[in-house]
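The structure appears right after this line, and notes come after that.
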There are 2 protein chains.
Amino acid sequence: MNFCMIEEKTKLFKSLSDSNRLRILKMLQVKPLCVCEITDVLQLATSTVSRHLSILRETGFIIEEKDGKWVNYMINSHPVDPRISSIISTLDFWIADQKIINEDKSKVIKVDRHFVCSK
Amino acid sequence: MNFCMIEEKTKLFKSLSDSNRLRILKMLQVKPLCVCEITDVLQLATSTVSRHLSILRETGFIIEEKDGKWVNYMINSHPVDPRISSIISTLDFWIADQKIINEDKSKVIKVDRHFVCSK
DNA sequence: AATTCATTTCGTTAACTAACGAAATATATA
DNA sequence: TATATATTTCGTTAGTTAACGAAATGAATT
């Protein structure tokens, strides 16, 4: 596999080409979250959220940390790709805090995995 | 149409999600080009190139200037969206000069619309 | 050991995107 | 005015992506 291919360079932008993934990144700015917490805010199927998270993880935007039966996802503080570093460190510039984002963030602050999961 | 919608924010990244569009941007760094010159380098159908150009134009990355029967496309020096300004002013950071890009640029330097068009 | 819960993977479907050629449009030239 | 050239728009097709639910996996609790 040739990682210098131009197709490889589009992956970063492809990851940011979905509004639900942008919302996830902004939510993770507030605090690390597990899949079911994100699912609760976005109101999508768990499998869909899991897929979005794996795309963001593969590109290097986020990392995962297993915690018992939960998997916590968080912003990657030390990405290999300097372009990712740049975007993460100025995320508010790239993804403005519009209405839906602020609503998501409010929900994130209140969300508790012990209540939202297993419903 | 609500331009504050989150979907609207993904458009910038969507335009950069195609390798042919990345190549076009890098080619336009060298000099303004008409559709048939770009077509000659990318080896795609004219209609396909035209479509890529209109996507880049709609997002604000490039502008067009009519010149007789030709339409010259060039990098937009004064984009409205500061994110576009940022990407354009540091384009080499976002899209590295890998092999294919350098080959494209060499072709761009040599290309002459009076020879490549009408074939 | 069996059950429960969180997550991932898989298979399917609907929507979107990029490609092409053909037809339409626009401009210059004969 | 007719023709040639450059480009755009349209219609179609193939490939990709995002959504879902069901099934599989993995870890904690009973």
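Each chain gets a letter, A, B and so on, in the order the sequences are listed, and its residues count up from 1.
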In whole Å, I'd like the distance from the NZ atom of B:Lys66 to the P atom of C:dA28.
11 Å
Between D:dA6 and B:Asn72, is there an OP1 or OP2 to side-chain N/O distance shorter than 4.0 Å?
no
Looking only at the side chain of B:Ile55 (C-beta and beyond, no hydrogens), which of the listed nucleotides C:dA18, D:dG21, D:dC10 gets closest?
C:dA18
How close do A:Asn20 and A:His52 get, counting heavy atoms only, and between which atoms?
CB-NE2, 4.0 Å
Looking only at side-chain atoms of A:Leu44, point me to the closest of C:dT7, D:dT9, D:dC20.
D:dC20
Measuring only between side-chain heavy atoms, which start at C-beta, is B:Ile101 closer than 4.5 Å to B:Lys105?
yes
N/O (side chain, B:His52) to phosphate O (OP1/OP2, C:dT17) under 4.0 Å:
no
Given D:dA18, D:dG21, D:dA6, identify the nucleotide with an atom nearest to the side chain of A:Ser47.
D:dG21
Protein-nucleotide distance (A:Glu7, atom CD; D:dT16, atom C1'), rounded to Å:
12 Å
Taking A:Gly60's backbone N and O only, do any of them form a donor-acceptor pair with A:Asn76's side chain (distance below 3.5 Å, no angle check)?
yes
Could you list who else is in B:Ile63's hydrophobic cluster, with ILVMFWY side chains joined at under 4.5 Å, directly or through other members?
B:Met74
Nearest whole angstrom, please: distance from the C1' of D:dT5 to the CH2 of B:Trp70.
8 Å
Do the side-chain N or O atoms of A:Tyr73 get closer than 4.0 angstrom to the phosphate oxygens (OP1, OP2) of C:dA6?
no
Between A:Thr48 and D:dA19, is there a side-chain N or O to OP1/OP2 distance below 4.0 Å?
no
Nearest-nucleotide pick for B:Asp18, side chain only, options being D:dA19, C:dA18, D:dT17:
C:dA18
Just do the salt bridge (charged side-chain N to carboxylate O under 4.0 Å, His left out) check on B:Asp40 and B:Arg113 with the steps written out, would you?
CA-CA 9 Å; B:Asp40 185 67; B:Arg113 67 187 59 181; over 6 Å; no
Could you work out which one of D:dT5, D:dA19, D:dT7 sits closest to the side chain of B:Lys69?
D:dT5
Sequence neighbours excluded, which residues qualify as ring-ring contact (aromatic ring centres under 6.0 Å, His included) partners of B:His114?
B:Trp70
Flag for B:Ser54-B:Arg51: side-chain donor and acceptor within less than 3.5 Å:
yes
Answer yes or no: does a side-chain N or O of A:His114 lie under 4.0 Å from OP1 or OP2 of C:dC5?
no
Rounded to whole Å, please give me the gap between CG in B:Leu53 and P in C:dA18.
13 Å
Listed in order of residue number, which residues of residues 21-34 of chain A have a non-hydrogen atom at under 4.0 Å from DNA chain D?
A:Arg21
Looking at A:Lys9, A:Glu8, A:Glu7, which hits side-chain hydrogen bond (donor to acceptor under 3.5 Å, both in side chains) with B:Ser19?
A:Glu7
Specify the residue among A:Lys14 and A:Ala45 whose closest nucleotide of DNA chain D lies further upstream toward the 5′ end.
A:Lys14
Separation of B:Phe115 atom CZ from D:dA6 atom C1', in whole Å?
18 Å
Whole angstrom is fine here: how far is it from CD in B:Glu64 over to P in D:dT7?
11 Å
Rounded to the nearest Å, what distance is computed from the CZ atom of residue A:Arg113 to the P atom of nucleotide D:dA27?
17 Å
Could you state the CD-P distance from B:Glu65 to C:dT27, rounded to the nearest angstrom?
15 Å
